[in-house]
Structure formats: C-alpha cells, structure tokens
Amino acid sequence: MNRASALLFLALLTCTKGERATNVPKDSIQSRAPEPAALVAPDSFSTGGPLDEIPSLLAGFDSQAGAARQQARAVATTPTADSVFLSFRERFLKMGEQITDRLEQATSIQATVLEDTATSRQLTTLLAKDGFALAYTEGNAYADEDNAYWTRLFDGTLTPAMQRYLRLRATEQSRRFSEDAALQISWDELAGRAVTWEQFADSYPDFSWKDASRFWYNTYLSTYLTGMDNSRVFSDSGTLEPEVRASYEHLVAQYPQTRTAQLVAQCLTLLKQNGYRPSAAIDSLLQQHNVTSMLGVQPPTR
C-alpha cells in the first residue's frame, strides 16, 4: 500500500451520509475523562524542505478538535454525537492527506524520517498531538490515523457502539496487520479478529458506521480463507498449508456457534473431500458468502 492509497483507504471508511443509528443501548459511561495530556510539539522545522510546512498546517487544529469534542459532549451518547465525530474525522483525513503530501515531497530525507533522529522524534510528537501517527509501508512514510487518540478525545461522549468500535480498532492498530502483502499476525489471531467483528455486528445491529465494521470483518475473513500474495493459504504444491489447516480446525472447535466458524467448517469438509486442494466447490461456497480473494490486493497495513 503506497502513501496515497493508505489515506484513500482511510477515507473509504467514512460514514455514509444520512445513515443514523436507532435503538442504541444506554449503558455508556457518562463521566468525563481527563483532557488529553498536552504534548510538547515543535513550533517549526528547519529542514529546508516540505516538512517545514507541517507545523503551520496543523496550527489551530487542536482547537478544532476541542470544539468537536465539546459539540459531541453536548449530545453525549446519541447518534448525533457520532455524527459530530465522523464529520470532524473527514476534516482530519483531509489534513492527513496534506501532511502525507509533504512527506512524499521530502524525497531527500524520506528515509531519515523513518529512523530515530531528532527530526523524526519531533515530527512524531507534532503529529501525535493532533491524532496522527507517523507510519510507513514499504519504506515510505505517511500520516496514519491513530484510533487510540479518538478514544481519548471523545471518551464518554459517543454511543456505546462507536466507543467499542474505536477501542477495537485501537487494539488492532497497535499490531501491524500486513506489510508488502504478507500477513504480520498469526492465522489464529486473524481468525479471532474476524470472530470479534462478527460479534460486534451482532451486539450493535443499528451501528451508524456499518460500512466500516463490515469492511474489517470482510477483510479479515477474506484474508483468512484466501490468503495474501505473500502469505498463501495453499502451498506451492497446491495443498492447504498445515498451519492454516490447524488454525481452521482450532477456530471450528473454539467458536462453533459463530457464522464464521460454520463457514470455515464447510470449507474444511470440501477441502477434505478434495485432498485439501482448492476446488470449484470451494470457490462457489465462498462466492455465495461474498468472500472475495485477497490475492492481487494490497491490504491495509494496520
């Protein structure tokens, strides 16, 4: 995933306009969390290049975040609060695009940004202050979304469903999911993520941002059943990889009541019938369940 596509991917997870949540559970915590701790960020850079423009881009952005937080607090734990958050997030992603543009233009020090240098430490602090993480993929730096920042900034103000969504994504984001189309977590952890998002959908059927939660479920399930370019489900000889088979069997035994495990169980039955090799029957089953191949696809990195 290159720098541009990383931000485009984040933008694709923006809430569909007009979509509202109903029957939201009323079990959220009403107390206010402490204000996010202020980070000492540099007022300027002196690299002589595009990075020097980033502090001015972010000037006043923390005030905008504070205003959005106050707006959400005024209608705390309602779908309107979620809408306030998602509206601000759109502005956040546009800012991320501008920051990433500067990182992309700084070709002479692009590699240095990814090393532990005074500039990279200053840049990391500056971005973190406003909810951005200095991330990289395939050696290229970009401004990523830090979901842990959202959980702090809007803690106690969003609906229980949105708070749960952000906590889940913050946890997942702490571990790199893929790099260069190679899986960076275990097959069992991948299965656990798919089951978690299935359970999330069952717990919050009226979640206002279904496109996002559905995206993560589909991404994890599709990766689990079809692999990635550099993390294949089937070996070069065409048979199911032993560690993948072991994970499938473990999932079926551990979560037998979930739709995810039931689909995997059907796949295992068909695989066994065909010597644990791919078949048209498997392809048909996956198609029926809207599972698309992740081969030839650049998956999210985090």
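None of the values given here were measured: they were computed from a predicted structure.
- Hydrophobic clustering of Ile, Leu, Val, Met, Phe, Trp and Tyr side chains at less than 4.5 Å, counting indirect connections, keeps Met294 apart from Leu263.
- A continuous path of Ile, Leu, Val, Met, Phe, Trp and Tyr side chains, each step under 4.5 Å between heavy atoms, connects Leu126 with Ile99, placing both in one hydrophobic cluster.
- Crowding of Gln287 atom CD: a count of heavy atoms from other residues, nucleotides or ligands under 6.0 Å not exceeding 12.
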Walk me through it: do Tyr224 and Tyr248 pass the test ring pair (Phe, Tyr, Trp, His ring centres under 6.0 Å)?
CA-CA 9 Å; Tyr224 191 57; Tyr248 286 0; 4.9 Å; yes
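- Two residues are said to be in side-chain contact when any heavy atoms from C-beta on lie closer than 4.5 Å; Phe177 and Leu190 meet this criterion.
- In summary, Glu249 and Arg245 engage in a salt bridge, as defined by a charged side-chain N under 4.0 Å from a carboxylate O.
- At a threshold of 4.5 Å between side-chain heavy atoms, the hydrophobic network of Ile, Leu, Val, Met, Phe, Trp and Tyr places Ile282 and Leu295 in two separate groups.
- Salt-bridge annotation for Glu145 and Arg169: absent, with no side-chain N of the basic residue lying under 4.0 Å from a carboxylate O of the acidic one.
- We find that Arg152 and Asp155 are not joined by a salt bridge, their nearest charged nitrogen and carboxylate oxygen being 4.0 Å or further apart.
- There is a side-chain donor-acceptor pair under 3.5 Å between Thr239 and Ser235.
- Residues Arg102 and Gln105 bring no donor and acceptor atom of their side chains to less than 3.5 Å of each other.
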List the steps and the verdict of ring pair (Phe, Tyr, Trp, His ring centres under 6.0 Å) for Phe200 and Tyr217.
CA-CA 10 Å; Phe200 177 91; Tyr217 176 70; over 10 Å; no
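- Relative orientation of the Phe88 and Phe154 rings is tilted, given thresholds of 30° and 60° on the angle between their planes.
- Tyr165 pairs with exactly one of Trp150, Tyr204, Trp197 by the ring-ring contact (aromatic ring centres under 6.0 Å, His included) rule, that one being Trp197.
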